[in-house]
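Report on the structure given below.
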Amino acid sequence: MSSEQPVNTPPNLTEQDLLHWTQARCDHLQAQAKVLVDDYWRQLKSQRQKHSKSESGRIGVRIRCRENQRAFSIEWYRMATLRQNGQTKPIAQYVKKGRSYRYPLANLLKGEPA
């Protein structure tokens, strides 16, 4: 009988190895999300130049980093303005997720131009 390990046996990983892999994977996913969010805003800006202000959408998306910096979320919100004392201030009204961490399309597009 041979004392060699089978070929399919995973190597022994330390806790530090797993933490490093987790952080690298989270960084990679966050970079991918940033590319998608930036592309959304680029396309929205392009469409705003082609259409009047009344035809432009009011839905925005952003990436929110969490406290420990190893977690983030992608959040959709409806852009609005608040008027106080003759000044207008932009505000974000977050769109609530539906079941299983998904946004219902009907709620997301409610009140948006075709």
Side-chain angles (χ1 to χ4, degrees):
M1 191 184 271
S2 173
S3 64
E4 295 177 0
Q5 291 184 344
V7 176
N8 294 335
T9 303
N12 293 333
L13 296 175
T14 66
E15 182 179 344
Q16 191 64 28
D17 293 336
L18 291 174
L19 286 173
H20 178 70
W21 179 85
T22 303
Q23 183 176 4
R25 183 69 178 141
C26 187
D27 291 345
H28 177 73
L29 289 172
Q30 190 170 2
Q32 284 181 320
K34 183 172 178 6
V35 167
L36 294 173
V37 167
D38 289 347
D39 186 55
Y40 172 82
W41 287 109
R42 183 186 55 76
Q43 289 184 26
L44 185 67
K45 184 178 179 181
S46 171
Q47 291 300 318
R48 283 186 176 164
Q49 293 172 353
K50 295 177 185 177
H51 301 286
S52 67
K53 190 172 184 176
S54 64
E55 293 178 300
S56 65
R58 297 179 318 224
I59 294 178
V61 63
R62 76 176 198 169
I63 298 172
R64 176 176 276 180
C65 294
R66 297 297 172 191
E67 298 164 2
N68 63 7
Q69 298 299 320
R70 286 194 171 88
F72 66 94
S73 62
I74 302 169
E75 300 174 340
W76 290 91
Y77 60 92
R78 192 170 311 283
M79 296 175 279
T81 56
L82 180 64
R83 291 192 176 113
Q84 285 184 326
N85 302 329
Q87 296 178 347
T88 58
K89 298 179 181 180
I91 60 170
Q93 299 170 333
Y94 290 93
V95 178
K96 293 182 181 180
K97 292 180 185 171
R99 294 182 182 179
S100 70
Y101 303 105
R102 295 180 184 219
Y103 290 95
L105 192 57
N107 288 352
L108 192 63
L109 298 178
K110 187 189 308 181
E112 290 298 308

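Nothing fancy with the numbering, it's 1 onward along the sequence. Nothing here was measured: the structure is a model prediction, and the numbers come from that model.
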- [ ] For Ala71 and Cys26, work out which heavy atoms get closest and say how close.
- [x] N-SG, 4.1 Å

Task: Any pair counted as ring pair (Phe, Tyr, Trp, His ring centres under 6.0 Å), so long as it reaches residues 19-43, sequence neighbours left out - done: Tyr40-Trp76

Open item on the list: Between Phe72 and Lys34, is the side chain to side chain contact (heavy atoms under 4.5 Å, CB included) condition met? List the steps.
Closed with: CA-CA 11 Å; Phe72 66 94; Lys34 183 172 178 6; over 6 Å; no

Task: Qualifying residues under salt bridge (charged side-chain N to carboxylate O under 4.0 Å, His left out), relative to Arg62, sequence neighbours excluded - done: Glu75

Open item on the list: Under the rule for side chain to side chain contact (heavy atoms under 4.5 Å, CB included), what residues qualify as partners of Leu82, not counting sequence neighbours?
Closed with: Gln84, Ile91

TODO: Heavy atoms only: give me the nearest Ala33-Ile63 pair and the separation to one decimal.
DONE: C-CD1, 3.5 Å

- [ ] Mark yes when over 12 heavy atoms from residues, nucleotides or ligands other than Gln32 sit less than 6.0 Å from its CD; otherwise mark no.
- [x] yes

Task: Flag, side chain of Ser46 to backbone of Arg42, donor-acceptor distance under 3.5 Å - done: no

Open item on the list: Tell me every residue that passes side chain to side chain contact (heavy atoms under 4.5 Å, CB included) with Leu36, counting only those two or more places apart in sequence or in another chain.
Closed with: none

Open item on the list: Using a 6.0 Å cut-off, check whether atom CZ of Arg64 has over 12 heavy atoms from anything other than its own residue.
Closed with: yes

Task: Residues in salt bridge (charged side-chain N to carboxylate O under 4.0 Å, His left out) contact with Asp17, at least two apart in sequence or another chain - done: none

- [ ] Return the set of residues passing side chain to side chain contact (heavy atoms under 4.5 Å, CB included) with Lys45 (not counting sequence neighbours), or none when no residue passes.
- [x] Gln49

Open item on the list: For Met79 versus Gly60, what's the shortest heavy-atom pair and its separation?
Closed with: CE-N, 4.1 Å

TODO: Report yes if the side chains of Arg66 and Ser73 come closer than 4.5 Å at any heavy-atom pair, otherwise no.
DONE: yes

Task: Greater than 12 external heavy atoms within 6.0 Å of Gln43's CD - done: yes

